[in-house]
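Report on the following structure.
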Amino acid sequence: MERPIPRPDHAPAQEPVLTPGPAPRGAMPSAFPLSFGPSPFIFPPCRLMSTDRKSLEERAQMTDLERLRHSCAHVMATAILRLWPNAQFAYGPPVENGFYYDFDLPDHRITPDDFEKIEAEMKKVAKENQKFERRVLTRDEARALAESGRLGGLAERPGHRSVFKLDLLDKIPEGEEISCYQNGDFIDLCAGPHVNYTSKCKNVKLMSVSSSYYLGDDTKPQLQRVYGTAFPTPEELAQHLHNLEEAKKRDHRRIGREMQLFAVDDKVGQGLILWLPQGAIIRQQLQDFISEELRKTGYSQVFTPHIGKLDLYRTSGHFPYYQESQFAAIPERDQLQKLADDHCSCAELSAGLASGEIDGYLLKPMNCPHHIRIFAQSPKSYRDLPVRLAEFGTVYRWEQSGELGGMTRVRAFTQDDAHLFCTPDQVGAEIIGCLKLVKTVLTTLGMNDYRVRVSLRDPDSSKYVGDPANWDKAEEALRQAAVWLGVPFTEEPGEAAFYGPKIDFVVKDVIGREWQLGTVQVDYNLPERFDLEYIGADNARHRPVMIHRAPFGSMERFTGVLIEHFAGHFPAWLAPEQVRVLPISEKSEAFATDVCTRLQLDGRRATLDATPDKIGAKIRTAQLDRVPYMLVIGEKEAAAGAVSVRHAKRGDLGVRPVTEFLNDLAAEVAERRL
RNA sequence: GCCAGCUUAGCUCAGGGGUAGAGCAACGGUUUUGUAAACCGUCGGUCGUCGGUUCAAAUCCGACAGCUGGCUCCA
């Protein structure tokens with residue numbers, strides 16, 4: 001899992017760049033400049049997880065619900081063993097929405113069709129009301145049980161050692177207490193805690209089956225994993241299942257299709273988002289909003305191309321270190337032809353591209369090298385700093401096909417990117433500036449349900465680039481900025497990348513998965529690699545500090561999260577269609593057309609529903625299309641020069657003069673009211 | 001990439017070795033309508049693609065593509 005940490009003094013070309021090697025999985029390596037780390041910025045499909053081993057004390061702090069679910073995992077294992085006695089269990093923790101157990105079962109593949117059978121067996125185990133009994137073991141006793149196949153089994157299983165339990169046993173540090181839990185015939189290596197009797201494990205439902213690698217490591221054996229959920233009462237279980245159904249209705253993929261916001265077309269390619277006209281409106285509004293804020297806060301907007309020379313990314317380090325996360329390099333046409341004439345092999349081509357003997361281009365995985373070269377276009381004085389370069393820059397990442405899906409896990413995405421070049425003394429103020437921007441935008445959108453992670457350096461380590469005094473200042477600035485934000489935050493020492501500390505914003509999607517949105521990262525490394533400098537007040541050359549920031553990560557992911565946040569009911573300023581004018585009959589159609597035209601002239605996105613439907617049907621259609629404002633117009637309104645206003649969420653708002661409605665809506669849009 | 005499940009009309013889905021089904025949408029007509037569904041009719045699919053088994057394949061088998069979930073929130 002640990003990757004070598006690229007240091008500026010390492011020669012990139014000496015790395016074994018051509019051996020594909022295991023792709024980084026799960027927690028992405030956090031070691032690269034801006035970065036292919038667990039940042040969105042950065043890497044779309046990264047979900048968050050901690051890799052620290054929990055202490056026994058921490059484990060004992062399980063909530064009651066977690067304890068119940070953990071016990072349910074044991075009950076499920078018991079049931080599965082009754083059906084397939086040869087199952088080898090690995091581990092079965094409680095997780096956020098339930099529990100799972102990983103096991104190897106060579107003679108049978110579990111499918112959802114088996115759930116009924118397993119659940120029935122689980123109900124029997126619950127009915128038998130077995131007691132969960134804890135026993136402390138010596139390492140030798142535990143080992144003997146595992147050797148006989150007894151651990152994670154209903155009986156001794158000659159010839160079937162408890163292989164995973166043996167391995168897990170080895171992972172328990174010397175001096176830590178080793179214990180097992182028994183319910184009925186089932187004995188499992190387990191730190192606990194558990195509920196007292198299996199009768200508590202009645203309200204259970206198996207949810208899904210999947211595969212997983214042992215320890216999440218794709219070089220280890222592949223196991224089957226069954227997910228389940230459990231609650232103290234049947235009512236809570238039913239409520240949970242109901243909530244899941246409701247959540248599915250807000251899934252951005254479903255709403256995106258219903259509202260025709262975006263599409264993924266397999267003729268274009270997996271993980272490549274097509275913004276449909278309706279979705280493009282939303283994105284354009286968001287970008288306009290962000291750009292407006294950037295102008296107010298002293299950013300300069302730039303544009304850069306979608307590719308750059310390979311050498312640029314050799315210098316930045318992206319190409320050598322993250323090759324497996326990028327689209328393949330594009331060789332120069334002339335050189336390619338020459339190589340073809342020489343009957344050069346693909347291996348030679350790869351090696352040539354890696355070593356630099358063959359020139360080429362790369363679809364850009366990040367915007368920073370381009371921005372760095374913009375900074376370097378002219379000599380800089382300390383008076384020029386900070387330089388803030390912003391771009392809605394589209395970047396391309398090679399994700400494994402199984403990782404792709406929706407707008408949150410894609411292969412091409414547009415970052416609301418910016419790079420700030422400043423003096424070490426300016427870092428604190430710049431960080432605060434970034435956070436203010438984030439807060440402005442998130443507040444405007446009513447998104448208050450997020451948390452923040454502050455990644456700090458490990459004080460005992462010497463692996464970091466840059467002056468420790470500057471790190472201290474930057475870390476303190478990040479911490480203060482997090483406090484100032486006023487949302488829950490955690491400080492995570494040792495989680496900083498080698499090149500600088502950072503702050504990440506984390507939100508949950510409707511299915512409860514956590515995603516990183518934005519990030520603000522301090523970088524002492526890239527200025528070094530690109531030999532950036534400015535002339536200080538002392539007339540000497542100094543190295544600037546860079547800050548990477550993408551408050552929303554990517555427009556794709558952010559829009560996906562927004563769709564779910566609003567369940568498709570966007571505020572008027574974002575809504576693809578803001579107003580639908582609904583004449584009651586043809587008698588009032590002329591006036592309705594007039595109103596619609598006035599709305600359009602006023603800059604509103606308005607349409608007229610001239611179908612022969614009755615008003616109830618028109619309202620229903622507009623409602624299902626999630627149009628925020630409906631204007632009902634009959635003969636009364638036409639006579640009075642008025643409209644009857646109905647809001648999709650707030651219902652009937654009464655009859656108002658046309659001009660009043662026009663002005664109010666214009667103000668609502670201009671102020672970006674929710 | 002790997003494992004599992006899935007792919008039938010624009011959408012949601014039923015069916016299933018022997019002439020392809022429903023609702024909604026779309027289109028045409030009748031209705032001139034007051035805050036979440038008027039009525040009648042019409043159109044629409046080589047059942048993801050390719051190959052195999054069979055007298056016969058949407059159905060069974062295989063490959064491929066795509067979609068969905070998962071791939072240590074540690075005994």
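Computed over heavy atoms, backbone and side chain alike; hydrogens, waters and symmetry mates excluded. Convention: sequence-line order gives letters A, B, ...; per-chain numbering from 1.
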Both A/Q224 and A/G651 contact RNA chain B. Which one's nearest nucleotide lies toward the 5' end?
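Final value for this comparison: A/Q224.
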
Name the residue closer to the 5' end of RNA chain B, choosing between A/G405 and A/A90 according to the nucleotide with the nearest heavy atom.
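It is A/G405 whose nearest nucleotide is closer to the 5' end.
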
Once base and sugar-phosphate atoms are separated, protein heavy atoms under 4.0 Å mark nucleotides 24-32 of chain B, 5' to 3', with B, S and - as -------BB

So [X], base contact, sugar-phosphate only, or nothing? Heavy-atom distance under 4.0 Å.
| X | value |
| --- | --- |
| A/S212 | sugar-phosphate |
| A/L223 | nothing |
| A/Y100 | sugar-phosphate |
| A/T111 | sugar-phosphate |
| A/I615 | sugar-phosphate |
| A/K618 | nothing |
| A/G402 | base |
| A/E66 | nothing |
| A/A191 | base |

So [X] and [Y], would you call those rings parallel, tilted or perpendicular, with 30° and 60° as cut-offs?
| X | Y | value |
| --- | --- | --- |
| A/H240 | A/F231 | tilted |
| A/Y214 | A/F164 | tilted |
| A/H647 | A/Y629 | perpendicular |

So, do A/R157 and A/Q88 sit near enough that their side-chain heavy atoms are less than 4.5 Å apart?
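Contact flag for A/R157/A/Q88 side chains = yes.
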
For B/G69 and A/R253 - does any side-chain N or O of the residue sit under 4.0 Å from the phosphate oxygens OP1/OP2?
yes

Could you check whether the side chain of A/E635 and the base of B/G34 have a donor-acceptor pair of N or O atoms closer than 3.5 Å, going by distance alone?
no

Please determine whether any donor N or O and acceptor N or O are separated by less than 3.5 Å between the side chain of A/S208 and the base of B/G69.
no

Dump the intermediate steps for side-chain contact (heavy atoms from CB on, under 4.5 Å) on A/L145 and A/L189, then the final yes or no.
CA-CA 9 Å; A/L145 281 174; A/L189 178 71; over 6 Å; no

Verify side-chain contact (heavy atoms from CB on, under 4.5 Å) between A/L272 and A/V410, making sure each step is shown before the conclusion.
CA-CA 6 Å; A/L272 304 176; A/V410 296; over 6 Å; no

Relative to A/F99, does A/R69 satisfy both conditions: NZ or CZ under 6.0 angstrom from the six-membered ring centre, and within 45 degrees of the ring's axis?
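No - A/R69 does not lie over the ring of A/F99 by the 6.0 Å and 45° rule.
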
Rounded to the Å, how far apart are [X] [atom1] and [N] [atom2]?
| X | N | atom1 | atom2 | result |
| --- | --- | --- | --- | --- |
| A/Y101 | B/C73 | OH | P | 15 Å |
| A/K636 | B/G34 | NZ | C1' | 6 Å |
| A/R451 | B/C73 | CZ | P | 14 Å |
| A/D217 | B/G1 | CG | P | 19 Å |
| A/D102 | B/U72 | CG | P | 9 Å |
| A/D114 | B/C3 | CG | P | 18 Å |
| A/R411 | B/G1 | CZ | C1' | 10 Å |
| A/Q222 | B/G1 | CD | P | 13 Å |

How long is the span from the [atom1] atom in [X] to the [atom2] atom in [Y], to the nearest 0.5 Å?
| X | Y | atom1 | atom2 | answer |
| --- | --- | --- | --- | --- |
| A/I503 | A/E492 | CD1 | CD | 11.0 Å |
| A/L151 | A/E141 | CG | CD | 11.0 Å |
| A/L81 | A/D188 | CG | CG | 9.0 Å |
| A/Q130 | A/T78 | CD | OG1 | 6.0 Å |

Side chain of [X] only, please: which of [options] is the nearest?
| X | options | result |
| --- | --- | --- |
| A/S210 | B/A36, B/G69, B/A4 | B/G69 |
| A/P112 | B/G70, B/A37, B/G5 | B/G5 |
| A/R646 | B/U35, B/G70, B/C73 | B/U35 |
| A/V632 | B/G34, B/G70, B/A4 | B/G34 |
| A/Y227 | B/U35, B/C71, B/C73 | B/C71 |
| A/Y213 | B/G34, B/G69, B/G1 | B/G1 |

Using the side chain to side chain contact (heavy atoms under 4.5 Å, CB included) definition, which of the options A/V579, A/V643, A/L608 pairs with A/V595?
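So the option named by the test is A/V643.
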
[N]: pairing nucleotide in any strand, Watson-Crick or G-U under 3.5 angstrom:
| N | value |
| --- | --- |
| B/A56 | none |
| B/U33 | none |
| B/G62 | B/C50 |
| B/G28 | B/C40 |
| B/A4 | B/U68 |
| B/U12 | B/A22 |
| B/G17 | none |

Whole-angstrom distance between B/C47 and B/A14, as gauged at atom C1':
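So the two C1' atoms sit 13 Å from each other.
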
Say we look at B/G48 and B/C3: how far apart would their P atoms be, to the nearest angstrom?
23 Å

Considering only heavy atoms, which members of residues 256-280 of chain A lie under 4.0 Å from some atom of RNA chain B?
A/R257, A/D266, A/Q270

Please report whether the ring centroid of A/W398 lies less than 6.0 Å from that of A/F327.
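Distance test on ring centres: under 6.0 Å, yes.
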
